[in-house]
Amino acid sequence: MLPPGDELTADTNLREFGLDSMGAVELLSALEAGYSVQFDEEALVLDTFTTPGALWSALSTARPAP
């Protein structure tokens, strides 16, 4: 969890704030549902969930859900 007063930036290391592999799967599912997209298989790696910037990049290139 991000401490009060800390700013979430594109370079914030999400793992340092508790995002683990289970959390990444939950986040992936929520993003796909919320944005009606499907991440490409290449994006389904832990590096995609390292920072908000990396995640936004993958989300920006995700294809519309079928």
Side-chain angles (χ1 to χ4, degrees):
M1 177 174 239
L2 198 62
D6 278 6
E7 184 178 332
L8 182 66
T9 68
D11 297 322
T12 299
N13 187 320
L14 297 176
R15 291 184 193 150
E16 289 180 9
F17 291 100
L19 185 66
D20 59 11
S21 58
M22 184 64 103
V25 170
E26 291 174 6
L27 180 56
L28 170 73
S29 179
L31 290 171
E32 285 185 332
Y35 287 93
S36 298
V37 296
Q38 185 172 4
F39 282 90
D40 292 327
E41 193 170 313
E42 297 84 36
L44 303 180
V45 295
L46 283 179
D47 286 345
T48 298
F49 300 89
T50 303
T51 66
L55 189 54
W56 181 253
S57 178
L59 183 60
S60 296
T61 61
R63 54 191 155 88

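Computed from a prediction, not measured in an experiment: that's the story for all the values here.
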*Do the ring planes of Tyr35 and Trp56 sit parallel (below 30°), tilted (30 to 60°) or perpendicular (above 60°)?*
perpendicular
*Which atoms form the tightest heavy-atom contact between Leu59 and Val37, and what is the distance?*
CD1-CG2, 3.8 Å
*Side-chain contact, heavy-atom cut-off 4.5 Å: Val45 with Thr50?*
no
*Smallest separation among heavy atoms of Thr48 and Ala58, with atom names*: CG2-CB, 3.5 Å
*Is the number of heavy atoms from other residues, nucleotides or ligands within 6.0 Å of CZ (Phe17) greater than 12?*
yes
*Gap between atom CZ of Arg15 and atom OG1 of Thr51 - 0.5 Å precision*: 9.5 Å
*asked:* Could you measure the distance from the OG atom of Ser36 to the CZ atom of Arg63? Nearest 0.5 Å is fine.
replied: 13.5 Å
_Please report the interatomic distance CD(Gln38) to CG(Leu44), rounded to the nearest 0.5 Å._
8.5 Å
_Closest approach of Leu14 to Leu8 (non-hydrogen atoms, all atoms of both residues)_ = CD2-CD1, 4.2 Å
*asked:* A side-chain contact here means heavy atoms from C-beta on lying under 4.5 Å apart; do Leu27 and Leu55 qualify?
replied: yes
*Is a donor on one side and an acceptor on the other found under 3.5 Å between the side chain of Ser57 and the backbone of Ala54?*
no
*Heavy-atom side-chain contact between Asp6 and Thr12 under 4.5 Å*: no
_Distance check, rounded to the nearest 0.5 Å: Leu31 atom CG versus Phe39 atom CZ?_
5.0 Å
